[in-house]
Amino acid sequence: MSIQSNLNTIKTSLPEHVTLVAVSKTKPVPDLMEAYNAGQRIFGENKIQEMVDKYDEMPKDIQWHMIGHVQSNKVKFMAPFVTLIHGVDSLKLLEQINKHALKNNRSIDCLLQIYIAEEESKFGLDENELNELLSSPEFKEMKNIRILGLMGMATFTEDQNQIKKEFTHLKSIFDSLKHINGYGKNALECVSTISMGMSGDYKLAIECGSTMVRIGSSIFGGR
Ligand SMILES: *Cc1c(COP(=O)(O)O)cnc(C)c1O
């Protein structure tokens with residue numbers, strides 16, 4: 001199957017309120033261009049240097065999403081152009097993003113990554129850490145970031161009930177966030193996005209309330 005037909009199959013299966021991030025990590029520019037020429041404009045990468053290289057080479061109407069774990073000292077390289085950073089998991093990182101957004105005279109949209117899996121290897125905040133972050137004075141001072149919502153990754157397992165439980169957990173944290181008033185913070189006014197679901201589990205994720213799916217191998221083939 002071609003990239004174009006994979007993309008079309010997936011796009012027609014998505015409800016209108018769900019945004020597709022085409023995860024193009026490790027794939028060469030001609031593969032991304034095939035998706036671009038088929039109409040795809042949102043691409044997800046998990047390494048900053050790779051995303052910067054592709055940004056330099058490719059059309060400028062692409063929206064670049066950073067979906068991987070971000071090291072604070074590399075934020076500056078993507079700050080001029082990144083559209084959405086999915087994997088924000090600490091106040092320290094948020095401070096760096098805010099600082100470099102300011103330097104570039106812009107605001108950068110972020111998702112806070114929540115730890116929902118039963119795997120040590122996955123990153124993210126737990127509910128307490130999330131609340132601590134959102135209620136910290138440092139967070140309230142940040143003027144150049146917007147928190148659009150949450151991101152999570154389920155455990156890598158065949159057990160659909162387990163995955164469903166984890167997605168439902170993320171959705172419930174998301175719903176509680178939308179009802180928070182006490183933070184009184186501009187950065188939280190735009191909470192609307194819940195990024196969950198990959199090639200293997202995006203249909204289940206959508207059933208559980210996802211509004212943004214990150215799909216790689218089902219579009220571009222295995223890595
Ligand atoms: C690689 C990756 C994806 C896409 O995975 P596929 O199984 O290829 O669809 C989604 N989210 C994150 C954070 C990733 O690193």
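Keep in mind it's a predicted model, so treat the numbers as computed, not measured. The analysis underlying the following values was restricted to heavy atoms, covering all of them including side chains, and did not include hydrogens, waters or symmetry mates. Counting convention: from 1, in listed order, for ligands and their atoms alike.
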query = Which pairs with one or both residues in residues 2-45 pass ring-ring contact (aromatic ring centres under 6.0 Å, His included), sequence neighbours excluded?
reply = Phe43-Trp64
Put together the list of close N/O pairs, under 3.5 Å, between ligand 1 and the protein, could you?
from	atom 1	to	atom 2	distance (Å)
ligand 1	8 (O)	Ser217	N	2.8
ligand 1	8 (O)	Ser217	OG	2.9
ligand 1	8 (O)	Arg223	NH1	2.8
ligand 1	8 (O)	Arg223	NH2	3.0
ligand 1	9 (O)	Ser199	N	2.9
ligand 1	9 (O)	Ser199	OG	2.5
ligand 1	9 (O)	Gly216	N	2.8
ligand 1	11 (N)	Arg214	NE	2.8
ligand 1	15 (O)	Lys25	NZ	2.7

request  = State whether the number of non-hydrogen atoms from other residues, nucleotides or ligands found under 6.0 Å of Lys11 atom NZ is greater than 12.
outcome  = yes
Without placing hydrogens or testing angles, list every side-chain donor-acceptor pair under 3.5 Å for residues 91-99, not counting sequence neighbours.
from	atom 1	to	atom 2	distance (Å)
Asn98	OD1	Lys143	N	3.3
Asn98	OD1	Asn144	N	2.7

note = Sorted by chain and residue number, the side-chain contact (heavy atoms from CB on, under 4.5 Å) partners of Asp109 (sequence neighbours excluded) come out as Leu84, Arg146, Leu148
Test: Lys25 cationic atom under 6.0 Å from Phe220 six-membered ring centre, within 45° of axis = no
query = Do you know which two heavy atoms are closest between Ser195 and Leu111, and how far apart they sit?
reply = CB-CD1, 3.5 Å
